[in-house]
Amino acid sequence: QVQLVESGGGLVQAGGSLRLSCAASGLTFRGYNMGWFRQAPGKEREFVAFISWSGGNTYYADSVKGRFTISRDNAKNTVYLQMNSLKPEDTAVYYCAAGDSGAYWNYRVYEYWGQGTQVTVSS
């Protein structure tokens with residue numbers, strides 16, 4: 001019943017920008033913290049960004065800090081990831097996740113996951 005659906009991925013040149021969206025349904029959206037993770041071929045899933053249920057707290061992986069911005073619109077049940085100054089190493093499948101507690105950087109603590117959206121950054 002709960003579903004998270006990512007969109008906005010695609011092909012972009014290095015230095016370009018993309019905005020990912022994650023639309024949630026089947027849960028009380030504003031009651032959940034939201035995170036973005038990514039996974040590249042042959043690599044483990046890694047934390048990208050986090051936003052608390054109210055939007056008052058955000059955290060980022062060092063690798064994306066200053067380039068990516070996470071935000072949420074609770075009225076629209078949607079979380080966003082604005083990605084600027086993209087690098088080839090940002091290429092991965094990006095997943096959004098929902099959870100109500102735990103270590104935000106650890107994918108294992110999240111309850112719900114989307115299916116992912118592919119981001120490919122060319123050099």
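Heavy atoms only: backbone and side chains are in, while hydrogens, waters and symmetry mates are out. Nothing fancy with the numbering, it's 1 onward along the sequence.
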Can you name the closest pair of heavy atoms from A98 and L4 and give their distance? N-CD1, 3.8 Å
For A14 versus P88, what's the shortest heavy-atom pair and its separation? CB-CD, 4.1 Å
What closest approach, in Å, do S85 and R67 show between heavy atoms, and which atom pair accounts for it? O-NH1, 3.0 Å
Interatomic distance, CD1@I51 vs SG@C96, rounded to 0.5 Å, equals 12.5 Å
Taking it one step at a time, do D62 and K65 satisfy salt bridge (Lys or Arg N to Asp or Glu O under 4.0 Å)? CA-CA 5 Å; D62 287 344; K65 192 173 299 181; 3.3 Å; yes
One should read off an interatomic distance between S54 OG and N33 CG, to the nearest 0.5 angstrom, of 8.5 Å
If you round to the nearest 0.5 Å, how far is OG of S7 from OH of Y94? 15.0 Å
Indicate yes or no: at least one non-hydrogen side-chain atom of F68 is less than 4.5 angstrom from one of L86. yes
Could you list the cluster mates of Y110? Members are the ILVMFWY residues connected by side-chain heavy atoms closer than 4.5 Å, either directly or through other members. F37, F47, F50, Y59, V93, Y95, Y104, W105, Y107, V109, W113
Distance-only criterion, 3.5 Å: show the donor-acceptor pairs between side-chain atoms of residues 75-83 and protein atoms not counting sequence neighbours.
from : atom 1 : to  : atom 2 : distance (Å)
T78  : OG1    : K76 : O      : 2.8
Q82  : NE2    : N84 : OD1    : 3.0

Starting from F29, can I reach V5 by hopping between I/L/V/M/F/W/Y residues whose side chains sit under 4.5 Å apart? no
Tell me if a side-chain donor or acceptor on T91 pairs with a main-chain N or O of V121 at a distance below 3.5 Å. yes
Only one of V119, T120, L11 passes side chain to side chain contact (heavy atoms under 4.5 Å, CB included) with L18, and that residue is V119
Minimum heavy-atom distance between R30 and R72, given as atom pair plus value: CA-NH2, 3.9 Å
Side chain to side chain contact (heavy atoms under 4.5 Å, CB included) for W36 and E6? Distances and angles first, verdict last. CA-CA 10 Å; W36 285 97; E6 302 95 336; 3.9 Å; yes
Test side chain to side chain contact (heavy atoms under 4.5 Å, CB included) applied to L27 and E111, step by step: CA-CA 11 Å; L27 77 168; E111 297 180 49; over 6 Å; no
Could you tell me which non-hydrogen atom of R38 sits nearest to which non-hydrogen atom of A92, and how far apart they are? CB-CB, 3.7 Å
Which residues satisfy the side-chain hydrogen bond (donor to acceptor under 3.5 Å, both in side chains) test with S52, sequence neighbours excluded? none
Do other residues, nucleotides or ligands put more than 12 heavy atoms under 6.0 Å from E89 CD? yes
